[in-house]
Amino acid sequence: MRKMIFCTTALFVFYTTEAQNIQNNPGSNHGNKFEQLGTILPTPNGYRTASGAPGPKYWQQRCDYDIKCSLDETIQKLTGSEKVTYYNNSPDVLTYLWLQLDENEHSTVNNSGYQTSTSVQNGTVNVTTLDKMEEAKTDNGYGDKITKLTDATGKSLKYTINKTMMRIELPMPLKPGAQFIFNIDWNYHVSDRMKYSGRGGYEYFPEDGNYLFTMSQWYPRLCVYSDFQGWQNHQFVGSGEFALTFGNFKVQMTVPADHVVGATGQCQNYQQVLDAKHFARWQQAQTVKEPLQIFTLDEAKAAEKYKSKATKTWIFKADMVRDFAWTSSRKFIWDAMPAYVEGKKVMCMSYYGKEAYGLYSKYSTKLVAHTVKSYSKFTFPFPYPVAQSVEASSGMEYPMICFNNGRTEKDGTYSEATKNGMVGVIIHEVGHNFFPMIVNSDERQWTWMDEGLNTFCQYLTEELYDNKFPSRRGPAYTIVDYMKMPKDQLEPIMTNSENIIQFGPNAYSKPSTALNILRETIMGRELFDYAFKTYAQRWAFKHPTPADLFRTMEDASAEDLDWFWRGWFFGTDACDISIDSVKAFKADVNAETKVTSRGPSEKSIDKPAVPEFDDISKVRNREDKSITFLTDADTAMRDFYWRYDRGLESYDSTYKIKTVPSTVDKIDDSSKQKYTDKYLYEVSFSNKGGLVMPIIVQWTFADGTTQTERIAAQVWRKDEKHVTKVFMKDKEVISIQLDPMKETADIDVSNNTWPKVAAASNFSIYKAKQAVRGQSQGLNPMQKAAQK
Ligand SMILES: [Zn+2]
């Protein structure tokens with residue numbers, strides 16, 4: 001077991017001198033971790049400035065859709081025709097347009113054909129795998145059938161389908177500022193989402209013989225044409241999501257008459273599609289304080305049995321959206337309640353079958369309201385008139401509407417884990433309204449730009465929902481297992497979506513953790529929140545790239561973060577900072593040299609008692625009196641688990657550190673010199689993980705108190721592997737711990753404490769005593785002289 005060694009010296013100035021010497025001789029470990037990103041980022045131009053803002057020549061395309069479609073429930077087929085108006089706002093002359101035929105993902109003929117490797121596991125093969133192999137031999141009938149494509153005058157247009165992409169050849173070059181109108185008729189067989197695991201399709205409920213349709217990626221959609229990429233027409237493989245152009249939508253869906261339809265945007269004809277009783281409830285819901293059920297559980301159960309043969313047409317409109325999705329089923333219970341963001345009304349609504357009633361009727365719509373309000377605080381006021389959550393057994397996001405999971409047991413009960421999973425997914429998917437639906441990044445290229453930023457805001461929102469919420473992603477310590485994986489199994493965050501192996505940790509957890517570290521540990525909340533909000537506001541309703549985020553965060557904060565982007569986003573290094581040695585010094589202004597302390601006894605130098613771990617964001621949220629948590633009115637949504645937890649709560653922020661009696665001899669301070677009572681500690685740190693990060697030191701003093709000190713990551717500038725630093729303390733230190741709040745995702749905490757528990761002694765106290773007395777190489781000649 002190592003002991004803390006105390007030595008005496010007359011003047012501290014020599015240590016300063018020594019520190020200076022170290023700084024002047026950086027040694028051979030100076031790498032490029034603090035160099036500017038330079039040419040790694042694209043050159044700024046008139047479209048995107050060096051500050052990270054849209055430039056004076058910024059432009060983006062626009063595409064408006066007018067779609068009529070009808071859903072045949074009996075054969076699960078959707079038939080549609082759309083009129084598309086494409087606005088060429090670019091400075092370029094276009095000779096063709098690219099459209100996305102995402103439904104071809106399910107086709108055995110027109111899918112991307114980028115197959116992943118397969119193997120026989122322990123002599124067994126899943127029957128579904130065999131079915132799919134058999135199915136792949138012939139045309140399975142899925143995918144888009146284009147039946148007609150004409151210009152505005154009805155003249156046929158030439159087109160070519162390349163797997164999931166379709167190129168339309170323009171009859172005349174489309175000049176800057178001009179628009180082109182075309183009509184396209186199509187149909188496709190809706191696939192079983194539970195079998196083909198797509199983002200849209202249907203789910204069949206054998207128990208009651210009904211379907212729940214989630215219609216997404218369902219119409220031929222324009223690709224993005226941009227200043228930084230030209231056409232984004234990379235094939236839709238399944239993992240990389242979407243890049244889409246903003247525009248206005250008018251959509252008319254003809255569905256079975258007893259279906260309830262939810263969709264992107266506002267319904268234009270509730271008065272026609274709802275009977276008088278339900279329309280009255282819809283009007284009543286405009287002013288309620290609690291979600292009001294427009295369709296009740298009993299009504300949904302009755303509709304499940306009746307199955308109307310008639311049809312109705314629902315009409316929706318949505319402006320400035322990048323996409324349009326909808327859902328349709330007679331299984332739905334539908335509730336609604338308004339929320340207000342900066343005085344503007346947002347209708348928050350949920351649609352769910354009886355299978356989710358026990359959870360969704362209590363939580364869903366309130367979570368929708370909480371999410372739009374919380375995200376609005378960290379970004380910009382939610383601009384759309386509605387926000388909706390649909391229970392559909394899995395999570396996926398679209399403008400103003402999202403599909404989530406969270407079903408109860410048959411008897412209506414549920415576990416805490418199921419509830420928390422539902423809370424997390426609803427916040428996450430509703431949150432996607434902000435990233436990427438409004439801050440419209442290219443998901444096909446950069447999954448992290450929407451998933452990472454959204455998961456970060458999800459974490460902030462969960463924290464404000466419930467200070468004890470078990471967030472899976474965001475806190476630094478939750479990324480440690482991923483960060484410590486072998487290097488050959490890791491990719492940088494800046495990796496194309498299709499090339500990522502560990503999708504969740506890479507594109508969701510790591511970027512959200514990185515942003516949380518920036519906020520709590522590197523920049524502080526005030527600087528971070530301002531810069532992050534600046535990014536969100538600069539790029540709302542626009543197409544940002546990674547460089548626009550990196551640049552804005554620095555431009556708005558005066559923090560040079562290139563080292564952080566380099567380490568966290570472009571690299572795979574982990575944080576592992578180690579305390580290698582500690583030397584303790586006590587001033588002795590009297591001539592006589594003496595060892596004032598032998599340090600604490602063996603028994604007393606146990607590692608400081610680690611408090612039951614509590615994430616730093618939670619602690620700060622509680623301390624910040626300006627933060628208002630959910631109001632009393634919202635406690636209606638609290639269930640047994642929440643109250644149970646609260647009943648036990650008795651948070652004590654003072655760490656219970658074992659008090660150790662001081663063994664330091666009292667120094668005679670008759671000379672009254674300023675530093676007589678001070679203690680000096682020279683601590684050597686090494687960077688074993690490669691990632692440069694701040695050093696957070698928690699001192700535990702002999703009187704049992706603690707103090708935390710933060711050293712900026714820039715301390716590693718001159719030597720990226722080793723740093724030695726001298727600290728002056730008023731009280732005797734008995735132990736040191738690095739990163740006590742687990743803020744840095746340090747992958748090996750065994751080297752974070754001093755004294756190290758059960759560590760073998762590398763040097764004896766006897767030798768050290770010699771050093772103290774200036775009899776070995778431990779001190780430089782000046783120090784030796786000073787001791788005499
Ligand atoms: Zn997501």
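Every number for a ligand or one of its atoms is a count from 1 in the order of the listing.
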(request) Everything protein-side that's N, O or S and under 2.8 Å from the Zn ion (ligand 1): list it, residue and atom. (result) His428 NE2, His432 NE2, Glu451 OE1, Glu451 OE2
When the side chains of residues 316-324 are checked against the rest of the protein, which donor-acceptor pairs come out under 3.5 Å, sequence neighbours left out?
| unit_1 | atom_1 | unit_2 | atom_2 | d |
| --- | --- | --- | --- | --- |
| Arg322 | NH1 | Asn440 | OD1 | 2.7 |
| Arg322 | NH2 | Glu443 | OE1 | 2.4 |
| Asp323 | OD1 | Tyr219 | OH | 2.6 |
| Asp323 | OD1 | Arg221 | NH1 | 3.1 |
| Asp323 | OD2 | Arg221 | NH1 | 2.6 |

(request) Mark yes or no for whether Lys533, through its side chain, and Lys377, through its backbone, hold a donor-acceptor pair below 3.5 Å. (result) yes
(message) Can you tell me if Phe503 has over 12 outside heavy atoms packed within less than 6.0 Å of its CZ?
(response) yes
(message) Looking at Gln489, I want to see if its CD is surrounded by more than 12 non-hydrogen atoms of other residues, nucleotides or ligands under 6.0 Å.
(response) yes
(request) Provide the full list of salt bridge (charged side-chain N to carboxylate O under 4.0 Å, His left out) pairs with a residue in residues 470-479, sequence neighbours left out, each pair given once. (result) none
(message) Suppose we screen for side chain to side chain donor-acceptor pair (under 3.5 Å). Which residues come up paired with Ser107, at least two apart in sequence or across chains?
(response) none
